[in-house]
Amino acid sequence: MKLNPIMYKINRNEVHENYNIYLIETQKIEPVKSAVVKARNKILNLWHYELLILQSSKEHWEKLMKDPSLNFRRELCANLYRLERTNIMEELDLSSGAVSNLFNESTNPKWPRPFQLSVLFEHPWQLVNYEIPDPYSYSESPEYFEERVSKKIHLNDLANERSKVLSIRGYVIINAPELFQEESTALTGRWVTTYPEFDYFEFHLNYEPIIDKLLREALLKLFPMAKYLFTTYRPFKPLSKRALWVIIPKNESLPSYEGMLHELKEYRENTEYHRLK
């Protein structure tokens, strides 16, 4: 379905109105608890593609993720990625009651599940596990290298993993420098398969990659079904730390498919779009 730019902009403004209400209520000198809860719920009731709109601004998104409520931060991440409770049960090997407690009681799961939760949510591990996290812990990502958190893998095996991932899974890519010559060590990444619009593999890079013909051809060889590339920021990381999304369409007829691509191309900060095909 063809995107209507005028209607998209109207919807975008409505999403930002919800954010502005949240900001007003949470930044009052003496916040009214009921009003804050209502403002949070308006954010949590947004669709995943509407939350992507809020994440287009690094400042706006990080403001939301600095909310003092750990429950809110966890719910926000889960909703952004359309993660169901059953997905979290499977990836963290938890009972339904234990997963419920993660969101209702702000419990801290047993090791290494705090790191696994960080990989699912793609946010610093302390931010999604502690009521009062240490901001100095945000710049690095040790969680992927912890045993039982991520799978060690070679580049040629990444595409075959897609069909095995029911939601989100993390990887340590042992031979990544063969693809990204600016890199000198193993890199981390994730398969995200929770969206109805598209799946994507996300490489975590230390530099802005040079997207030339050689890299495009190499990526297409690894991901023959891929159609688009985006390099973008990673929440709470220095801007030099980059994510490269290799996007594989699933349902191009959905209005939200065009909307999400439009958002990434036109509005997302610190983001570059590259067509693969």
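Values below: all heavy atoms of this structure, side chains included; hydrogens, waters and symmetry mates excluded.
- Of the inter-residue distances, the one linking S69 atom OG with E75 atom CD reads 9.0 Å to the nearest 0.5 angstrom.
- For CD of E90, the number of neighbouring non-hydrogen atoms (other residues, nucleotides, ligands) closer than 6.0 Å is greater than 12.
- When only modelled atom types and interatomic distance are considered, N206 and K241 share a side-chain donor-acceptor pair under 3.5 Å.
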Full working for side chain to side chain donor-acceptor pair (under 3.5 Å) between E269 and Y233: CA-CA 8 Å; E269 294 176 354; Y233 79 89; over 6 Å; no
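- Listed for the E197 side chain is no donor-acceptor partner under 3.5 Å among the backbone atoms of K250.
- Linking ILVMFWY side-chain heavy atoms closer than 4.5 Å, directly or via other members, places W47 and I168 in a single hydrophobic cluster.
- Interatomic distance, E183 CD to L205 CG, rounded to the nearest 0.5 Å: 5.5 Å.
- Here V172 sits in one hydrophobic cluster together with W111, F115, V119, W125, Y130, Y144, F145, V149; the rule is ILVMFWY side chains under 4.5 Å apart, joined directly or through other members.
- Rounded to the nearest 0.5 Å, atoms OH (Y22) and CG (L64) are 5.5 Å apart.
- A cation-pi arrangement is present between K265 and Y273 under the rule of less than 6.0 angstrom and at most 45 degrees off the ring axis.
- Counting only distance, with no hydrogens or angles, the side chain of K227 and the backbone of L276 share no donor-acceptor pair below 3.5 Å.
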Candidate pair N87 and Y81, rule side chain to side chain donor-acceptor pair (under 3.5 Å), full reasoning: CA-CA 11 Å; N87 300 142; Y81 292 114; over 6 Å; no
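- The CG atom of N4 lies 11.0 Å from the CG atom of N11; values are rounded to the nearest 0.5 Å.
- Contact annotation: the side chain of K152 never approaches that of Y171 to less than 4.5 Å [non-hydrogen atoms, C-beta and beyond].
- N175 approaches I153 most closely through the heavy-atom pair OD1-O, 4.3 Å.
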E143 and S118: CA distance, side-chain angles, deciding distance, side chain to side chain donor-acceptor pair (under 3.5 Å) verdict: CA-CA 7 Å; E143 56 270 11; S118 173; 3.2 Å; yes
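- Within the structure, every pair that satisfies the ring-ring contact (aromatic ring centres under 6.0 Å, His included) test and touches residues 252-272, not counting sequence neighbours, is listed here: Y8-H262, H262-Y267.
- One distance of note links CD of E217 with CG of L222; it measures 12.0 Å at 0.5 Å rounding.
- Contacts of R148 classified as salt bridge (Lys or Arg N to Asp or Glu O under 4.0 Å), with partners at least two apart in sequence or in another chain: none.
- Proximity of a side-chain donor or acceptor of E182 to a complementary backbone N or O of Y207 within less than 3.5 Å is not detected.
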Check against side chain to side chain contact (heavy atoms under 4.5 Å, CB included), H48 and Y195: CA-CA 8 Å; H48 62 282; Y195 292 148; 3.5 Å; yes
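- Considering all non-hydrogen atoms of both residues, L51 and I43 come closest at CD2-O, 3.7 Å.
- Criterion: ILVMFWY side-chain heavy atoms under 4.5 Å apart, direct or through other members. Under it, V165 and L244 are part of a common hydrophobic cluster.
- Closest non-hydrogen pair, A226 versus L220, comes out as O-CD2, 3.7 Å.
- A cation-pi arrangement is absent between R242 and F203, since the terminal nitrogen or guanidinium carbon is not both under 6.0 Å from the aromatic centre and inside a 45° cone about the axis.
- Closest approach of L3 to E258, counting heavy atoms only: CB-CB, 4.1 Å.
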Counting only pairs under 3.5 Å, give me each side-chain donor-acceptor contact of residues 30-38, with atom names and distances, residues two or more places apart or in other chains.
none

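- A cation-pi geometry, defined here as NZ or CZ lying under 6.0 Å from the six-membered ring centre and within 45° of its normal, does not hold between R162 and F223.
- Using a 4.5 Å cut-off on side-chain heavy atoms (C-beta onward), Y228 and R275 make contact.
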Side chain to side chain contact (heavy atoms under 4.5 Å, CB included) between V192 and D199, intermediate numbers included: CA-CA 6 Å; V192 178; D199 293 339; over 6 Å; no
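- No side-chain donor-acceptor contact under 3.5 Å links T232 to the backbone of T271.
- C77 is listed as a side-chain neighbour of V128, based on a closest heavy-atom distance under 4.5 Å.
- Taking the six-membered ring where the residue is Trp, Y200 and W245 present parallel rings, their angle staying beneath 30° rather than reaching 60°.
- Partners of H16 according to the side chain to side chain contact (heavy atoms under 4.5 Å, CB included) rule, which considers only residues two or more places apart in sequence or in another chain, are R12, I53, L54, H60.
- Two residues are said to be in side-chain contact when any heavy atoms from C-beta on lie closer than 4.5 Å; P133 and R73 meet this criterion.
- To the nearest 0.5 Å, atoms CG (L264) and OG (S56) are separated by 6.5 Å.
- Taking the side chain as every heavy atom from C-beta outward, R169 and L120 never approach each other to under 4.5 Å.
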K66 and E62: CA distance, side-chain angles, deciding distance, salt bridge (Lys or Arg N to Asp or Glu O under 4.0 Å) verdict: CA-CA 6 Å; K66 288 177 182 176; E62 292 184 0; 5.1 Å; no
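- Residues V246 and L219 form a side-chain contact, since some pair of their non-hydrogen atoms from C-beta on lies under 4.5 Å apart.
- N129 places a side-chain N or O within donor-acceptor distance of the main-chain N or O of P114, the cut-off being under 3.5 Å.
- Counting side-chain heavy-atom gaps under 4.5 Å among Ile, Leu, Val, Met, Phe, Trp and Tyr, the cluster of I6 also holds M7, I10.
- By the 6.0 Å contact criterion, CE on M89 is enclosed, its count of non-hydrogen atoms from other residues, nucleotides or ligands being greater than 12.
- Looking only at side-chain heavy atoms (C-beta outward), L102 and L94 come within less than 4.5 Å of each other.
- With respect to R190 and E202, a salt bridge is recorded, a charged nitrogen being found less than 4.0 Å from a carboxylate O.
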Stepwise side chain to side chain contact (heavy atoms under 4.5 Å, CB included) test for E252 and F198: CA-CA 8 Å; E252 297 179 71; F198 54 74; over 6 Å; no
Residues I248, W191; criterion side chain to side chain contact (heavy atoms under 4.5 Å, CB included); working and verdict: CA-CA 11 Å; I248 300 172; W191 264 118; 3.6 Å; yes
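- In this structure, R40 and P68 approach most closely via the heavy-atom pair NH2-CG, 4.0 Å.
- Side-chain N or O atoms of S57 include none that pairs as donor or acceptor with a backbone N or O of Q55 at under 3.5 Å.
- At least one donor-acceptor pair closer than 3.5 Å links the side chain of D212 to the backbone N or O of L215.
- At distances below 3.5 Å, at least one donor-acceptor pair connects side-chain atoms of R82 with backbone N or O atoms of T194.
- Between S100 and R85 there is no side-chain heavy-atom pair separated by less than 4.5 Å.
- With hydrogens and angles ignored, the 3.5 Å screen pairs no side-chain donor or acceptor of R268 with any backbone N or O of E263.
- With hydrogens and angles ignored, the 3.5 Å screen pairs a side-chain donor or acceptor of N79 with a backbone N or O of L44.
- Salt-bridge check for R234 with E122: passed, with a basic side-chain N closer than 4.0 Å to an acidic carboxylate O.
- Using a 4.0 Å cut-off between charged side-chain N and carboxylate O, K63 and E59 make no salt bridge.
- The minimum heavy-atom distance linking S184 with P177 is given by the pair C-CG, 3.8 Å.
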